[in-house]
Amino acid sequence: MTNEQIAATFERIASLMEIQGEVIYKTLAYRRAAETLRMLGEDIATVRAEGRLLSLPGVGKAIAEKIEELLDTGSLAFLERLEEEVPPSLLELLEVPDIGPKKAALFWKQAGITNLVELSEAARAGRLRGLPGMGEKSEARILAGIEALGRRSKRLSIHTADRIARRWLETLRATPGVERIEAAGSLRRRKSTVGDLDFVAACHEPAALMTAFTSHPEVERVLGQGENKSSIETTGGVNIQLWVQPPERFGTLLQFVSGSKEHNVRLRELAQKQGLSLSERAIQKSDGSEMLFEEEAGVYAALGLAYIPPELREDRGEIQAALTGRLPQLVERRDIRAEFHCHSTFSDGSASIEAMARAAVQRGLKVLAITDHSAGLAVAGGLSVERLAEQRAEIKRVQDLLGDQILLLQGSEVEILSDGSLGYPDEVLAQLDLVIASLHFSLRQPREVITARLIGAMRNPHVDIIGHPSGRLLPDREGADLDWEAVLAAAAETQTALEIDANPSRLDLDEVYARRAAELGVLLAVDTDAHSPDHLDFLEYGLGVARRAWLEPRHILNCRGDKEILGWLQERKG
DNA sequence: GCCGTTTTCGGCCCGACTGTTTTCAGTCG
């Protein structure tokens with residue numbers, strides 16, 4: 001079983017136990033372990049084989065034994081018993097807003113409802129309103145919630161979420177009394193995909209802002225409206241929540257709504273140990289007096305912590321690091337001096353080499369590699385060897401035009417063909433300044449085959465970077481089923497850089513493997529894979545992944561100067 | 001079920017909002 005499968009099993013156990021009415025802390029323990037598995041970056045089977053299970057956060061004796069049983073047998077007697085006691089189809093009910101474990105248990109035990117269809121029928125027939133704690137409004141709310149499931153958008157790409165947020169914030173910012181308003185939540189933490197949007201505002205007249213929010217023309221329905229917090233569903237099926245506090249409490253509010261939930265729980269535990277109580281309104285001392293924070297940084301400082309950038313707030317060790325002064329010096333936009341992956345009209349890009357180069361200069365880049373597709377990818381206009389020569393001439397022309405404003409490299413995004421060979425023969429690759437090797441098709445090959453295909457490319461001495469290593473497409477298409485440990489080990493051994501493709505529909509490597517790669521001494525390249533000048537601005541999303549992976553400039557090839565980069569490439573050519 | 005610069009046992013974040021309640025439970029983030 002994979003890490004993800006075991007994590008999903010633990011989530012399932014947690015939810016079933018909750019419905020069963022088990023103490024909440026047991027279920028939390030299973031969820032914590034699931035999160036640990038998802039963020040691991042190495043194969044859980046390896047961790048087990050090396051006897052390190054108990055060293056994982058949130059894994060104790062009971063959960064370690066269950067991991068072992070799952071690895072050994074592929075099943076779990078404990079879960080099978082649980083599923084005999086609690087019908088697993090009840091988990092469907094938890095998808096409905098306003099239905100949690102208590103309601104699910106109520107519907108099951110007192111109305112015999114075990115799945116979503118039965119729930120829907122019961123609500124329509126008015127059979128829910130008689131149950132304890134239920135009334136007509138609750139029944140209607142649940143019916144509306146079931147209908148909303150069909151409308152609900154999938155997780156949004158960060159780019160889409162950004163655009164929606166910007167549009168809304170612009171409107172809301174114009175409301176009288178609004179001093180500050182911005183996006184928080186997972187969008188601010190720069191997660192690769194975003195579920196709901198969360199906005200926070202500093203405002204003296206919250207009522208006016210709340211009205212502006214809930215009466216916005218794009219509102220499909222209002223899910224809740226209070227003094228400090230409202231939430232709506234948009235016509236596009238996206239849920240947005242708006243939180244409001246007066247300006248003097250904006251710091252704690254922004255901190256709280258930025259999350260993650262797990263980070264906040266740790267932070268509040270830390271506050272408690274110091275005799276303080278942290279909430280979205282203030283830090284309260286034991287004598288009842290409040291400390292207010294207009295700025296978020298003050299909250300961390302008051303708890304004795306260095307400022308933790310939002311991208312790190314996932315309860316992955318950042319609070320301990322902040323306590324001991326060991327937070328990473330995260331890579332920033334201004335550290336990036338090179339772009340190694342872009343396309344021009346020579347293949348499937350929409351702009352000329354000159355236009356791309358000028359756009360790169362505008363953005364302050366000092367090195368740009370033009371990496372059009374190679375032969376072997378006909379759909380993307382892959383270049384023949386003859387066209388490659390024409391392209392070299394054009395790159396030289398533009399280089400002469402731009403002089404020392406930028407260093408242009410002739411590269412290629414070379415296809416790794418299904419049999420593992422590359423789109424150009426070695427003598428052609430040898431003439432290029434830089435070679436990215438990428439997978440675009442036959443991604444569903446069995447693990448051993450596709451892993452060998454990728455590692456084979458790394459072993460070619462001309463290949464410098466592996467482009468978008470997994471081939472995933474967000475939000476839906478999963479990447480290749482790679483043996484990541486073998487891939488990362490090969491990258492470390494051959495000193496091949498792995499790309500973090502910044503295109504918001506890729507973001508590949510993901511943050512988990514990017515962090516693991518850096519730990520193993522693998523060099524990362526943050527590239528936009530731009531097919532037009534404005535795509536160069538996707539860089540911010542790639543940096544989001546890099547920062548969430550705790551990367552510093554020293555981990556990233558693009559942070560080096562032109563001479564260093566040329567030196568690195570030269571060295572590789574031997 | 002996990003965990004320990006107050007603990008190997010006794011803790012485990014905090015508040016807003018809703019709907020059902022006459023003071024609170026459930027859900028959510």
Side-chain angles (χ1 to χ4, degrees), chain A residues 10 13-14 17-19 21-36 53-67 78 93-107 128-142 144-145 184-186 189 195-200 206 210 214 222-231 239-245 249 252-253 255-284 303-304 315 319-320 323-324:
Chain A
F10 285 166
I13 289 173
M17 285 170 95
E18 270 180 333
I19 294 173
E22 184 57 90
V23 278
I24 192 71
Y25 298 109
K26 281 196 187 186
T27 70
L28 284 175
Y30 281 99
R31 290 194 199 284
R32 176 107 204 278
E35 184 62 14
T36 293
L53 284 180
L54 291 174
S55 72
L56 299 176
V59 177
K61 190 163 170 291
I63 287 183
E65 281 172 4
K66 291 186 176 68
I67 292 174
F78 176 77
L93 271 50
L94 302 180
E95 300 297 314
V96 181
D98 302 320
I99 296 185
K102 298 278 167 53
K103 288 267 169 59
L106 175 75
F107 298 153
L128 296 183
R129 64 185 67 172
L131 298 172
M134 292 289 298
E136 278 184 46
K137 281 188 178 174
S138 301
E139 190 176 71
R141 226 177 141 85
I142 282 170
S186 54
R189 299 198 313 278
D196 302 342
L197 294 178
D198 297 282
F199 298 156
V200 291
M210 287 306 182
T214 54
V222 177
L223 303 170
Q225 180 167 8
E227 208 176 323
N228 300 305
K229 176 182 157 189
S230 294
S231 59
N239 286 2
I240 307 182
Q241 305 188 67
L242 171 63
W243 310 67
V244 185
Q245 288 288 335
R249 297 182 190 271
T252 38
L253 180 67
Q255 192 290 316
F256 169 70
V257 182
S258 294
S260 67
K261 182 174 163 54
E262 292 74 19
H263 172 84
N264 286 349
V265 169
R266 298 281 160 236
L267 208 57
R268 288 172 175 202
E269 284 173 359
L270 179 72
Q272 261 196 339
K273 283 183 193 152
Q274 301 175 11
L276 303 169
S277 169
L278 169 64
S279 77
E280 59 265 48
R281 295 175 47 79
I283 292 179
Q284 196 173 51
L303 297 172
D315 188 26
I319 290 178
Q320 192 57 32
L323 274 171
T324 53

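In what follows, every heavy atom counts, from backbone to side chain, and hydrogens, waters and symmetry copies are set aside. Each chain gets a letter, A, B and so on, in the order its sequence line appears, and its residues count up from 1.
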Give me, pair by pair, the N or O atoms of the protein and of nucleotides 21-26 of chain B that are less than 3.5 Å apart, along with how far apart they are.
none

- Gap between atoms CD and C1', on A:Gln320 and B:dC3 respectively (whole Å): 14 Å
- Describe the nucleic acid contact of A:Pro132 in one word from base, sugar-phosphate, nothing, applying a heavy-atom distance below 4.0 Å. nothing
- Euclidean distance for P, B:dT21 against B:dT27 (whole angstrom): 16 Å
- Task: Report which part of the nucleic acid A:Leu278 touches: base, sugar-phosphate, or nothing (heavy-atom distance under 4.0 Å, all strands).
- Result: sugar-phosphate
- Message: If I take atom CG in residue A:Leu128 and atom C1' in nucleotide B:dG19, what distance separates them, rounded to the nearest angstrom?
- Response: 14 Å
- Query: How far apart are the C-alpha atoms of A:Gln245 and A:Thr252, what are their side-chain angles, what is the distance that settles it, and do they pass the side-chain contact (heavy atoms from CB on, under 4.5 Å) test?
  - Reply: CA-CA 9 Å; A:Gln245 288 288 335; A:Thr252 38; over 6 Å; no
- Message: Without decimals, in angstroms, what is the distance between A:Ile24 CD1 and B:dC13 P?
- Response: 11 Å
- Determine the interatomic distance between P on B:dT22 and the same-named atom on B:dA16; round to the nearest Å. 22 Å
- Message: Please classify the nucleic acid contact of A:Asn264 as base, sugar-phosphate, or nothing, using heavy-atom distances under 4.0 Å.
- Response: nothing
- Message: So A:Lys61, base contact, sugar-phosphate only, or nothing? Heavy-atom distance under 4.0 Å.
- Response: sugar-phosphate
- B:dG10 to B:dT6 separation - C1' atoms, rounded to the nearest Å: 13 Å
- Item | Any side-chain heavy-atom pair of A:Asp315 and A:Arg32 under 4.5 Å | yes
- Compare side-chain N and O positions of A:Ser138 against OP1 and OP2 of B:dG19 and report whether any pair is under 4.0 Å apart. no
- 5′-ward residue of the pair A:Ser230/A:Glu136 relative to DNA chain B: A:Ser230
- Query: Within the structure, does a side-chain N or O atom of A:Gln284 lie under 4.0 Å from either OP1 or OP2 of B:dC14?
  - Reply: no
- Looking at every strand, decide which applies to A:Arg266 at a 4.0 Å heavy-atom threshold: base, sugar-phosphate, or nothing. nothing
- Which one is paired to B:dC28, where only Watson-Crick or G-U wobble pairs with both distances under 3.5 angstrom count? B:dG15
- Message: Using atom C1' in both nucleotides, what's the gap between B:dT5 and B:dG1 to the nearest angstrom?
- Response: 24 Å
- For DNA chain B, find the residues of residues 25-33 of chain A with a heavy-atom distance under 4.0 Å and give them by number; none if there aren't any. A:Tyr25, A:Lys26, A:Ala29, A:Tyr30
- Message: With rounding to the closest Å, how many angstrom separate the C1' atoms on B:dG19 and B:dT23?
- Response: 13 Å
- Item | For atom CG of A:Asp198 and atom P of B:dA16, their distance in whole Å | 16 Å
- Item | Pairwise C1' distance, B:dC3 and B:dT8 [rounded to whole Å] | 9 Å
- Inter-nucleotide P distance (B:dC12, B:dT7), Å rounded: 16 Å
- The side-chain contact (heavy atoms from CB on, under 4.5 Å) partners of A:Gln272 (sequence neighbours excluded) come to none
